[in-house]
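The structure appears below as structure tokens.
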Amino acid sequence: MADSIYGLMARFDSASEIFHAAEQVRNAGYKHWDCITPFPIHGLDGAMGVRRSHVPKFSLIGGLTGFTTGMSMIWFTGAFDYPLIVGGKPYFSPLFAFPISYELTILFTAFATIGGMFLLNWLPQHYHPVLKSKDITRGLDDTFYVVIEARDPKFDLARAKALLTQAGAKEISELEA
Amino acid sequence: MSTHAATISSATVSASAPASSLSGSANKALTLGIIGLVATAAGLAVSGGKAVAFSYLTGIVFWTGIALGALFLVMIHHVFDAGWSTVLRRQFENWLSCMPWLALLFVPLIISAFVAPGMIWKWTDPSYDLAQVGGHGTVAQDVLWVKKSGLLSTTSLVIATFIGFAGWSLLANRFRTHSFTQDTDGDIAHTHASRFWTAVGLPFTALSMTLCVILWVKALDYHWYSTMYGVWFFAGCVRGALSVGMIITVWLWNRGDYKGILNNNHMHSHGMLMFAFTVFWAYITFSQYFLIYMANIPEETFWYSLREINTDGQFNTWGYVGFFLLFGHFVAPFLTLIHYPVKLSKTWMPRIAAFIAFVFLVDVIYNVMPSLKKITGDAYPFTSINLLWIATSVVGVGGVCVWAYLNSFAKTKLIPIRDPRIGESLTHHE
């Protein structure tokens, strides 16, 4: 039975309801679940037990790559490939390579951040099983949903239903796989 | 929001805990300050007027910078009609109580320009013999002074310093009065009045601060040109004030005052400002260096040469100080403040803040002290007895600032309880 559905979708009517429901689902130990809300709710990530994102690691790598690229590019063009004296300055100095390195640090950090965010969120994602539900549009408008996925190791249809009911769900529906 | 603000009012936020212990601390700070000032004065007998005057100038520019930074932060809060920083603004307002005292402490330097012209600022005495500092002729014969003599005169010095301190003290007084009065009457007119004074005060402070720092510090070596100077000082001032603010925040947090008032997001936002101004300072300081390096004009490059090599080509101690500024004022704070958990840490943030304030002092020393030149035109080494007079001056002026702050702190509420944005601030990002 549990194999044939994607998961359970429970409706809540307010931000505070879903906030407390999220805390209960978190405490029940589920891993594969999500909240669908029409707007960002401050502190919901904490209530869901979501840890800090890994995006900054991508940013750091991007930044270091950018800085190194800038420095080595100026060294390569000005001191290695075609040594040329400009304005009586040395062939290479980190000083005049700094502005370009700094620009590339920012540029590569931005690319890595956006790229890392897309990668970690599995974006772009043109289809998601919750889209099969007709009600989901309301989750983008005026109502709130908690979705617990069947692939969660703790998932048991009856128990998950009981948990959501206890958490105050107004309506619980099963999502097709 | 308003109901939330009402519930936390007088019950939890009384006019600050044990008043007796606080006034005790305030008196200790004042005693320490007076000891510092007396020790500095005693230095006159040991190292002579010139060295001590330069050291005292370093100390007072450092603390005036921090006070100006606090003034800017209060004004920036008002000009953006900011919400989240309302709870933190009160401590900056308390800090501003030192402004008139700084004016008073600056007076000896102004008097010295009359009693011993040329001692600190060579151009206060046009007959000053430049041979004493490795030059030739007198100031009056120096074309670079003649061209700048419209600004570089004792009259300008006195007028600029007076207008500066008078204006800053007036602004400090206005922001403090309006904010403290609002605690009792809750009248929104005080918020509007503060906004008015900000509109007047921001351009005024930007210009007067630039003018004063040019006359006080930059014109110690009056040959020099740099269009970045005012902005450089502004960046340093705000970093100093944010650091003092962070130390105060964590002090009050650990004392328990901020229980239920501040949350992690205030720490995060405050830390982000410190991070942003770290990058801003680096940007400005690097730009100043870079433009001078690229243009390579002697009237500009000598300022950095003096701080790196002696006339015989020897690398001097100021070169190491320069590298310390690069790594200590930019690289180290950048790499630590960039981490989210560090910005929330009550252990790390006051340490980082104290370090940034310390390096701001080193930055001021780097700008002031090398202008105290030997007869060869070289700077006296960084490590000298003058560091002691700088230390006594910093303790002296700082003691007075801390005393003024603690006195003001004891008399006012912990947060602006009836500010229209207080509710928003208490629930910052929650």
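Each chain gets a letter, A, B and so on, in the order its sequence line appears, and its residues count up from 1. In this text, all values refer to a predicted model and were calculated from it rather than measured experimentally.
Counted within 6.0 Å of CZ on B:Phe80, heavy atoms from surrounding residues, nucleotides or ligands total 12 or fewer; the atom is thus considered open. Heavy atoms of other residues, nucleotides or ligands lying less than 6.0 angstrom from OH of A:Tyr82 number 12 at most. For CZ of B:Phe358, the number of neighbouring non-hydrogen atoms (other residues, nucleotides, ligands) closer than 6.0 Å is 12 at most. Counting heavy atoms of neighbouring residues, nucleotides and ligands inside a 6.0 Å radius, atom CD of A:Gln125 exceeds 12 of them. Summarising the local packing, NZ of A:Lys31 is surrounded by 12 or fewer heavy atoms from other residues, nucleotides or ligands at distances under 6.0 Å. The environment of CH2 in B:Trp348 is sparse: at most 12 heavy-atom neighbours from other residues, nucleotides or ligands sit within 6.0 Å.
Using cut-offs of 30° and 60° for the angle between ring planes, the A:His42 and B:His429 rings count as parallel.
The stretch residues 285-306 of chain B places B:Phe286, B:Tyr289, B:Phe290, B:Tyr293, B:Met294, B:Asn296 near chain A, each with some heavy atom under 4.5 Å from a heavy atom of that chain.
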